[in-house]
Protein chains: 2
Amino acid sequence: MIEDDAAILFGLRDNLQRAGYEVRSAGDGHQGLELARTLRPHLVLLDLMLPGLSGHEVCRRIRVDGLEMPVVMLTALGEEAQVVRGLNLGADDYVTKPFGIGELMARIAALLRRHRRVIPDVVTIGSLEVDRGARRVSREGVEIELTPKEYGLLEFFTRKSGRALTREQILDAVWGDSAAVTDRSVDRAVTTLRSKIEENPNRPSLIQTVPQVGYRFEG
Amino acid sequence: MIEDDAAILFGLRDNLQRAGYEVRSAGDGHQGLELARTLRPHLVLLDLMLPGLSGHEVCRRIRVDGLEMPVVMLTALGEEAQVVRGLNLGADDYVTKPFGIGELMARIAALLRRHRRVIPDVVTIGSLEVDRGARRVSREGVEIELTPKEYGLLEFFTRKSGRALTREQILDAVWGDSAAVTDRSVDRAVTTLRSKIEENPNRPSLIQTVPQVGYRFEG
DNA sequence: TTTGAGCGTCATCAGGTGGTAACAACGGAG
DNA sequence: CTCCGTTGTTACCACCTGATGACGCTCAAA
């Protein structure tokens, strides 16, 4: 992602990471081009109004270098002539601000789908790997079989990692408001989950108990 | 080009031909789908508001059939949710009317620039071979006869291999929004498909059950 | 009109899943 | 040190889910 506006950068990065993408960013054209050359990312998000090298120039040089990843231009310049110019320079899509985050994500997914890349959805915590796309968990390549509830709980934890969660929050999120279950069910689910994913279930390192409150997942 | 509004059809066709493209057109969804199947064009321009089959349905069926040409959706429906839905159905771009002819041409050019490559039509998973061009499946040279629904399901699985798919996703993709069928029908179809393509149907290795969710195809 | 293939639904069954209860362990307060 | 509230653990069993055989509807070909 090559973008100099910090607000947009952070907002987008958040969304992309939540969707499972790994994001690297640069704040100006030269850095951005360098990053694209060395990192060879699966896709480039490119702001056009940049200090240093202009976005158009970055895109042109990316293509001159023979880099073939999709490039999505991101800009406030919405006039047709601008769009045409951007696309003719080798961009694959051209999205004008203000844009809907959902649309941008869908366009990114569409481009990656074309390029035969798996759209990533894998979270890694230490040696533990949670593949949200495949709904699978593994440690060092060995699959860990989880029941649906255990998986749902773990998935929720990965999305809220680092935060202390009350049993009520966990119930709402994993069991849903329909379910009439006890707090104790959370305890039990946590216990069985620990027994499967913790290296040492007696001394849990991934799922910490927060007394009087609930649990915290260390990610 | 699948478009029922004659004014737009003629206007666009003119422009496209002047730019050197060969254009064939259909005025409703069924004809359009048939044309795409037989002609195998390099790109499909698809209006969403169509008599007969809706544009969404046409796009879905194009993908179900394993046709991989770029699809550009063309519509007056500009809401973000619509755009996201279209792209998720397998469209490559989504342009809202009124659009600038120059921008549309640039977007078409960008897609064709990318898509010159030939796409492999045969997918191999273990000893199983799925020939999407011929719509045929075989194991070690021996053809496996599949009914249309079974083949559609398998084809969908090969395109989403490795991902956990909900029954709803499978229904949407394979049965289509028109069909009013139960989740259980997915189960049934999976069972019969397993009985034909699995080495050991009782211990499926290709199609895994993902409890509470649906199925996952191991590719 | 008959026949058969394809496919959706139903009923049944086996096995897995998860909630609860009961008890153990733990830890903080006094 | 004791008490008590909270958390961890185990056992049990009701319930749900998915697999599958059976059935019937629809449609197209003979």
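Values in this document were obtained by computation on a predicted structure and should not be read as measured data. Lettering follows sequence order; numbering is per chain, from 1.
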Are [X] and [N] close enough that a side-chain N or O sits under 4.0 Å from OP1 or OP2?
X	N	value
B:Thr147	C:dC7	yes
B:Trp175	C:dG8	yes
A:Ser185	C:dT20	yes

Measure [atom1]/[X] against [atom2]/[N] and give the value in whole Å, please.
X	N	atom1	atom2	answer
B:Leu146	C:dG6	CG	C1'	13 Å
A:Glu198	D:dG8	CD	P	12 Å
B:Arg167	C:dT9	CZ	P	14 Å
B:Gln212	D:dC16	CD	C1'	8 Å
A:Leu171	C:dT20	CG	C1'	14 Å
B:Leu153	C:dC7	CG	C1'	13 Å
B:Arg203	C:dG15	CZ	P	11 Å
B:Ile207	D:dT20	CD1	C1'	15 Å

Item to check | Closest-nucleotide ordering on DNA chain D, the 5'-leading residue of B:Pro211 and A:Gly214 | outcome: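 Result of the comparison: A:Gly214.
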
Checklist entry - 5'-most contact on DNA chain D: A:Arg188 or A:Thr209, nearest heavy atom basis? => result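 Taking each residue's closest nucleotide, the earlier one in sequence belongs to A:Thr209.
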
Which atom pairs, donor and acceptor, lie under 3.5 Å between side-chain atoms of residues 13-26 of chain B and protein residues at least two apart or in another chain?
residue, atom, partner, partner atom, Å
B:Asn15, ND2, B:Gly11, O, 3.1

Looking only at the side chain of [X] (C-beta and beyond, no hydrogens), which of the listed nucleotides [options] gets closest?
X	options	result
A:Pro148	C:dG18, C:dG8, C:dG6	C:dG18
A:Asn202	D:dT7, D:dT9, C:dT20	D:dT9
B:Tyr215	D:dG21, D:dG18, C:dG19	D:dG18
A:Lys149	C:dG18, D:dT9, D:dA22	C:dG18

Item to check | Nearest non-hydrogen partners of A:Ala134 and B:Arg216, listed with the distance | outcome: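 Shortest heavy-atom separation between A:Ala134 and B:Arg216 comes out as O-NE, 2.9 Å.
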
Checklist entry - So which one's nearest nucleotide on DNA chain C is more toward 5', A:Arg184 or B:Thr182? => result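 Nearer the 5' end of the strand: B:Thr182.
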
Checklist entry - Hey, which of these two, A:Ala189 or B:Ala189, hits DNA chain C nearer its 5' end, going by closest nucleotide? => result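 Taking each residue's closest nucleotide, the earlier one in sequence belongs to B:Ala189.
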
Next on the checklist: Could you check whether A:Asp187 pairs with A:Arg194 (Lys NZ or Arg NE/NH1/NH2 to Asp/Glu carboxylate O, under 4.0 Å)?
Outcome noted: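 Judged by the 4.0 Å cut-off on N to carboxylate O distance, A:Asp187 and A:Arg194 do not form a salt bridge.
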
Checklist entry - Among A:Leu46, A:Leu45, A:Val44, whose side chain to side chain contact (heavy atoms under 4.5 Å, CB included) with A:Val72 holds? => result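 Considering A:Leu46, A:Leu45, A:Val44, a side chain to side chain contact (heavy atoms under 4.5 Å, CB included) with A:Val72 is found only for A:Leu45.
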
Checklist entry - Checking all strands, does B:Arg194 fall into the base, sugar-phosphate, or nothing category for heavy-atom contacts under 4.0 angstrom? => result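 Since only primed, P, OP1 and OP2 atoms lie under 4.0 Å of B:Arg194, the category is sugar-phosphate.
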
